[in-house]
Amino acid sequence: MRFVDEYRDAEKARALAASITALCEPGRSYKFMEVCGGHTHTIYKHGLEDYLPENITLVHGPGCPVCVIPMGRVDDTIHIAEQPDVIMTSFGDMMRVPGGRGSFFDSKAQGADIRMVYSPLDALKVARNNPDKQVVFMAIGFETTAPSTAMTVLRAKAEGLRNFSIFCNHVTIIPAIKAILESPDLRLDGFIGPGHVSTVIGCRPYDFIARDYGKPIVVAGFEPLDILQSIHMLLEQLAEGRSEVENQYGRVVPWDGNLKALKAINETMELRPYFEWRGLGSISQSALQVREAYAEFDAERIFEIPGVRVADPKACQCGEVLKGVLKPWECKVFGTACTPETPIGTCMVSSEGACAAYYNFGRFSRERVQEATHG
């Protein structure tokens, strides 16, 4: 296939759906987790649940980078932004994420200089243009975005910039999947593996899922037929009694990952002893920090960070949604007190958040479930 329309062909989708139904063992239920928020949006935007038999349930994982940032780290970022002569830069989807003291937009309205950028290199340009200011980039994301942060740090070092630093909040996907596999709340039959992260880390790191936990995983692309095919591949593995790592997204994902990107990350960053995730708590060695050799570009060393842990609002059930325990519409405040315009939790803010996907695309799906439940 060469063109995007080919990955959205309804006839091919129906043919795949028939094969999926044929592979299902009568009387058996299947629960698959799509780890990546991008997959969640494709599923509900294109109504893929309509193509699946009722005994297949898809649940959402923690693969939304904005959604897993705890409220305390938002407050820490605002604290840095409020220091004299600081310009804080951030991706746009962080601007409305609520912390304990409000969002970046709230802080900006009160006088903090917080600017939206499209890449860390944009932040570097702000630093060049404002030599009398300390410019900080709030670095977020999984291994997908870590290479661009790493390359920016290397560029800043090469240029000898003294007024640029990063507040590193990059997280890693493998420990989060391990935490889910060890959670007593959830029983899964397999994983639709994250496509974007895998372009960097490859497929080999997922071996433990099949080897140690006996669960199949298929790394998938983001078009409707990609996801349906990955579900078909998972069912084939289960029908044949196999638990393996397979790569449906071979047109983009190399098995061993992007070695140059991994080298840049390893050069500038190292694993933290532990990091707090929204909804999952503290997970050891699950995030990155700046290496000592690049300490001059580490905002956590340059500024005093409060580091206060802030509990999520009691009404918000983002944690259960991120773990796949709840569907977004089962949250008490979904679509009422919590909407994309007035978000209480991060899952409603981000373009990759499960709650935002349900709010924008999943209402018919919710109505069908309610009708089935209540007759």
Side-chain angles (χ1 to χ4, degrees), residues 1 7 32-40 42 61-66 68 91 119-121 139-155 166 168-181 190-213 215-223 226-227 229-230 233-234 237 242-272 275 277 283-291 293-294 352:
M1 295 189 186
Y7 293 93
F32 300 129
M33 174 175 280
E34 81 273 4
V35 176
C36 182
H39 288 146
T40 305
T42 297
C64 162
V66 169
V68 301
F91 290 140
S119 80
L121 286 173
I140 65 161
F142 288 90
E143 291 95 336
T144 315
T145 51
S148 60
T149 302
M151 293 302 294
T152 303
V153 169
L154 291 170
R155 175 77 67 86
I166 66 167
C168 191
N169 293 275
H170 284 298
V171 289
T172 57
I173 195 67
I174 297 301
I177 294 176
K178 278 185 180 174
I180 284 165
L181 282 164
F191 290 89
I192 300 170
H196 292 145
V197 166
S198 302
T199 62
V200 176
I201 69 171
C203 300
R204 204 175 298 282
Y206 307 121
D207 282 345
F208 79 98
I209 298 172
R211 183 187 64 244
D212 301 340
Y213 294 91
K215 308 293 183 188
I217 176 169
V218 176
V219 174
F222 292 89
E223 292 300 326
D226 288 328
I227 293 173
Q229 187 180 18
S230 71
M233 292 166 73
L234 286 169
Q237 287 200 46
R242 294 184 290 120
S243 294
E244 298 173 8
V245 182
E246 292 186 319
N247 185 12
Q248 184 276 333
Y249 205 22
R251 66 185 187 274
V252 174
V253 173
W255 189 263
D256 290 314
N258 185 325
L259 299 182
K260 287 185 177 178
L262 291 169
K263 182 182 177 183
I265 296 171
N266 189 53
E267 165 76 15
T268 56
M269 302 178 202
E270 62 188 357
L271 287 171
R272 292 177 184 270
F275 189 77
W277 292 55
I283 304 176
S284 64
Q285 297 192 313
S286 65
L288 299 170
Q289 63 186 9
V290 179
R291 285 188 182 274
Y294 292 86
E352 291 190 27

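By the 4.5 Å heavy-atom criterion applied to side chains, L271 and L288 are counted as neighbours. Side chains of I227 and E34 form no contact here, defined as non-hydrogen atoms less than 4.5 Å apart. By the 4.5 Å heavy-atom criterion applied to side chains, F222 and Y249 are counted as neighbours. Contact of the I166 side chain with the P120 side chain is not registered, since no non-hydrogen atoms from C-beta on lie closer than 4.5 Å. Looking at heavy atoms from C-beta onward, L234 lies in side-chain contact with I192 at the 4.5 angstrom threshold. At a threshold of 4.5 Å between non-hydrogen side-chain atoms, the residues F275 and N169 count as touching. For the pair E223 and T42, the minimum side-chain heavy-atom distance is 4.5 Å or more. Under the 4.5 Å side-chain criterion, counting only non-hydrogen atoms from C-beta, I140 is in contact with V66.
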Review point. When you look at L181 and F191, which way does the side chain to side chain contact (heavy atoms under 4.5 Å, CB included) test go after all the steps?
Key: CA-CA 10 Å; L181 282 164; F191 290 89; 3.6 Å; yes

Practice item. I would like to know whether V290 and V153 meet side chain to side chain contact (heavy atoms under 4.5 Å, CB included); could you show each step before the answer? Key: CA-CA 9 Å; V290 179; V153 169; 5.6 Å; no

Point to revise | Full working for side chain to side chain contact (heavy atoms under 4.5 Å, CB included) between I173 and I177 | key: CA-CA 6 Å; I173 195 67; I177 294 176; 4.0 Å; yes

Review point. Hey, mind stepping through Y206 and N247 against side chain to side chain contact (heavy atoms under 4.5 Å, CB included) and telling me if it holds?
Key: CA-CA 11 Å; Y206 307 121; N247 185 12; over 6 Å; no

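Closest of all the heavy-atom pairs between T199 and P254 is O-CD, 4.0 Å. The minimum heavy-atom distance linking S230 with V218 is given by the pair CB-CG1, 3.7 Å. For the residue pair V219 and P194, the shortest heavy atom distance occurs at CG1-O, 3.9 Å. Counting all heavy atoms, side chain and backbone alike, T268 lies closest to A150 at OG1-CB, 3.3 Å. Residues P175 and I283 come closest through the heavy atom pair CB-CG2, 3.8 Å. The shortest non-hydrogen separation linking A220 to D226 is CB-O, 4.4 Å.
The distance between the ring centers of H170 and F142 does not fall below 6.0 angstrom.
No donor-acceptor distance shorter than 3.5 angstrom exists from the side chain of S286 to the backbone of A176, with no hydrogens or angles considered. For the pair T172 (side chain) and I174 (backbone), a donor-acceptor distance under 3.5 Å is absent. Here the side chain of Q237 pairs a donor or acceptor atom with the backbone of E244 at under 3.5 angstrom. Between the Q248 side chain and the G221 main chain, a donor and an acceptor come within less than 3.5 Å of each other.
With respect to the salt-bridge test (charged N to carboxylate O, under 4.0 angstrom), the residues K178 and D212 do not qualify.
Applying the side chain to side chain donor-acceptor pair (under 3.5 Å) criterion to Q285, with sequence neighbours excluded, gives no partner residue.
Few gaps surround CZ on R242; more than 12 heavy atoms of other groups in view lie less than 6.0 Å from it. Heavy-atom contacts from other residues, nucleotides or ligands closer than 6.0 Å to CE of M151 number 12 or fewer.
Rounded to the nearest 0.5 Å, atoms NE2 (H39) and CZ (F32) are 14.5 Å apart. Distance check, rounded to the nearest 0.5 Å: NE2 of H196 to SG of C36 gives 6.0 Å. Remark: M33 CE to I180 CD1 distance equals 4.0 Å, nearest 0.5 Å.
The salt bridge (charged side-chain N to carboxylate O under 4.0 Å, His left out) contacts involving residues 252-270 comprise R204-D256, E270-R291, where partners must be two or more places apart or lie in separate chains.
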